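Naming convention: chains lettered A, B, ... in sequence-line order (proteins, then strands); numbering from 1 in each chain. Just so it is clear, the structure is predicted and the values come from calculations on it, not from any experiment.
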Amino acid sequence: MPELPDVEYFRKYLNSTSLHKKIIGVEVKNSKIIGRVSPAALKKHLNGSKLKITKRHGKNLFAGLSNKKWLTMHFGMTGYLKYYKNKEDVPGHVRLLINFDNGYHLAYDCMRMLGRIDLVDDLSGYIKMKKLGIDPIEDKLSFKEFSELFNNRNGSIKTGLMNQSILAGIGNIYADEILFQADIQPGSNIKKLNEDDLKKIYQKMNSVFKKAISVNADHEELPGNYLLTHRKPGEDCPKCSGKIKKQTIGGRSSYFCNKHQKKK
DNA sequence: AATATTGTTCAGCA
DNA sequence: GTGCTGAACAATAT
């Protein structure tokens with residue numbers, strides 16, 4: 001699930017549950033999800049410290065520690081956070097567990113283990129090292145800047161939107177949603193899009209993310225004319241009388257309406 | 001039982 | 001060096 005709106009929700013979740021509490025224990029359940037830092041060093045720096053502040057860049061969540069280090073979290077395809085107290089609330093695939101002095105626990109759960117947690121000194125260095133592009137929401141991207149990102153680019157617009165080194169935060173689901181709302185087929189070539197097409201994509205990117213963030217990325221709460229809850233081949237298009245088609249673009253399943261979404 | 005899955009990285013190539 | 005494509009990674013659900 002974790003694309004930009006989901007991670008923004010995780011950030012708020014962390015803010016409302018886990019800040020300013022003393023960490024009294026850290027359990028690395030599976031070291032595969034730990035990045036460059038060693039599990040021992042991670043434990044050493046977390047223990048006795050507190051989470052003070054949160055930031056997000058694209059699909060990455062950062063928590064600033066009272067000892068000046070930053071905890072970085074990426075959620076892969078199946079990661080999420082769970083703050084709980086009672087044993088019966090332990091999620092099924094905990095990879096990292098942080099214990100607070102109030103008896104509560106913060107679990108990083110990641111079934112498929114494609115997510116990563118790390119500890120760094122310098123956030124901008126981390127973002128550079130990961131080659132992350134601009135965060136369209138956090139960095140308040142203008143249309144001019146957006147449009148310039150796609151100058152002299154090749155490939156499909158969907159692949160471009162999902163390229164994290166161009167824009168950080170758009171994944172498969174929201175790329176489909178933005179293009180569905182912008183009435184442009186995901187397989188359209190970037191070079192064939194005109195200024196108006198790009199403007200529409202820019203505007204829909206902002207409105208879709210704003211809406212998704214406002215409902216904490218809960219799909220059930222999204223408007224009825226969103227593709228998200230109709231992402232199945234043969235399903236009726238929620239915007240027109242067309243049917244939803246499925247096609248592989250850039251190696252990923254893409255869903256779109258071939259009636260109101262124009263192929264360029 | 002084969003197939004699909006919301007993400008990133010890296011090899012291969014132009 | 002840069003940019004693009006597709007496979008690999010892993011564990012589960014249908």
Side-chain angles (χ1 to χ4, degrees), chain A residues 1-10 29-36 56-61 72-81 91-96 108-118 120 126-133 135-136 148-180 186-193 205 208-209 211-213 215-222 226-235 244-256:
Chain A
M1 245 188 285
E3 300 184 32
L4 190 153
D6 309 276
V7 179
E8 180 61 18
Y9 168 62
F10 295 157
K29 307 277 194 185
N30 195 314
S31 59
K32 202 157 233 165
I33 58 97
I34 308 293
R36 302 187 160 197
R56 184 190 55 71
H57 189 101
K59 303 171 189 172
N60 295 271
L61 178 59
T72 72
M73 285 167 270
H74 191 284
F75 297 92
M77 290 215 257
T78 55
Y80 66 96
L81 298 172
H93 316 277
V94 180
R95 310 304 183 193
L96 180 74
Y108 171 89
D109 186 293
C110 192
M111 182 182 78
R112 283 166 64 186
M113 297 201 288
L114 295 171
R116 288 293 177 273
I117 284 183
D118 218 329
V120 301
Y126 179 82
I127 289 166
K128 217 171 267 177
M129 189 259 293
K130 290 285 174 186
K131 296 190 168 47
L132 295 177
D135 182 294
E148 282 166 0
L149 292 175
F150 293 99
N151 279 347
N152 302 314
R153 290 279 179 181
N154 280 305
S156 70
I157 181 60
K158 172 168 176 173
T159 310
L161 287 173
M162 287 199 301
N163 184 335
Q164 300 299 299
S165 65
I166 301 177
L167 279 167
I170 304 176
N172 198 28
I173 294 255
Y174 283 95
D176 275 1
E177 187 64 56
I178 290 162
L179 293 168
F180 180 82
S188 302
N189 192 288
I190 293 171
K191 284 232 172 354
K192 293 190 177 160
L193 300 177
M205 173 185 79
V208 166
F209 276 158
K211 183 70 201 174
I213 287 170
V215 299
N216 289 335
D218 180 349
H219 295 182
E220 300 303 314
E221 298 292 320
L222 290 170
Y226 270 44
L227 171 68
L228 251 159
T229 40
H230 306 265
R231 249 173 140 265
K232 269 184 200 158
E235 205 68 7
I244 301 303
K245 305 273 180 224
K246 180 182 177 184
Q247 188 184 323
T248 299
I249 295 163
R252 309 230 77 97
S253 299
S254 305
Y255 296 82
F256 62 93

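Separating the CG atom of Leu114(A) from the C1' atom of dA10(C) is a distance of 6 Å, rounded to the nearest angstrom. Here dT8(B) presents its C1' atom at 15 Å from CD1 of Ile33(A), a figure rounded to the nearest Å. Following rounding to the nearest Å, Ile173(A) (CD1) and dT5(B) (P) show an atom-to-atom distance of 10 Å. Atom C1' of nucleotide dA11(C) and atom CE of Met77(A) are separated by 10 Å, given to the nearest angstrom. Atom OH of Tyr80(A) and atom C1' of dA11(C) are 14 Å apart (whole Å). Per the geometry, CG belonging to Leu167(A) stands 17 Å off C1' belonging to dT8(B), to the nearest Å. Remark: P of dT9(B) and NE2 of His74(A) are 7 Å apart, rounded to the nearest angstrom. Rounding to whole angstrom units, NZ of residue Lys191(A) and C1' of dC4(C) are separated by 11 Å.
Atom CD1 in Ile173(A) sits 4.0 Å away from atom CZ in Arg231(A) (nearest 0.5 Å). A distance of 13.5 Å separates OH of Tyr255(A) from CD of Glu177(A), quoted to the nearest 0.5 Å. The structure places OH of Tyr226(A) at 7.0 Å from NZ of Lys211(A), a figure rounded to the nearest 0.5 Å.
Between Lys59(A) and dG7(B) there is a side-chain polar atom (N or O) within less than 4.0 angstrom of OP1 or OP2. Close to dA11(C), at under 4.0 Å from its OP1 or OP2, lies no side-chain N or O of His93(A). Phosphate proximity of dT5(B) to Lys232(A): absent, as no side-chain N or O sits under 4.0 Å from OP1 or OP2. Distances shown here put a side-chain N or O of Ser253(A) below 4.0 Å from the OP1 or OP2 atom of dT5(B). Regarding contacts with the backbone of dT5(B), a side-chain N or O of Tyr255(A) is found under 4.0 angstrom from either OP1 or OP2. Put simply, Arg116(A) has no side-chain N or O that comes within less than 4.0 Å of OP1 or OP2 on dT8(B).
Both Gly250(A) and Arg112(A) sit near DNA chain C, but only Gly250(A) has its closest nucleotide nearer the 5' end.
Gly251(A) comes within 4.0 angstrom of nothing in the nucleic acid, heavy atoms only. Residue Lys131(A) is out of contact with every strand shown, counting any heavy-atom pair closer than 4.0 Å. Contacts of Arg252(A) with the nucleic acid, taken as non-hydrogen atoms under 4.0 Å apart, include base atoms.
Between Tyr174(A) and His219(A), the angle of the ring planes goes over 60°, which puts this pair in the perpendicular group of the 30/60° scheme.
Between Ser156(A) and Pro186(A), the shortest heavy-atom distance links the atoms CB-O, 3.5 Å. Taking all atoms of both residues into account, the shortest heavy-atom contact from Arg56(A) to Asp135(A) is NH1-OD2, 2.6 Å.
Using P as the reference atom, dG1(C) and dC10(B) are 16 Å apart when rounded to the nearest Å. Rounded to the nearest Å, the gap between the P atom of dA7(C) and that of dA4(B) is 13 Å.
Set against dA10(C), dG3(C), dT12(C), the side chain of Met113(A) has dA10(C) as its closest nucleotide.
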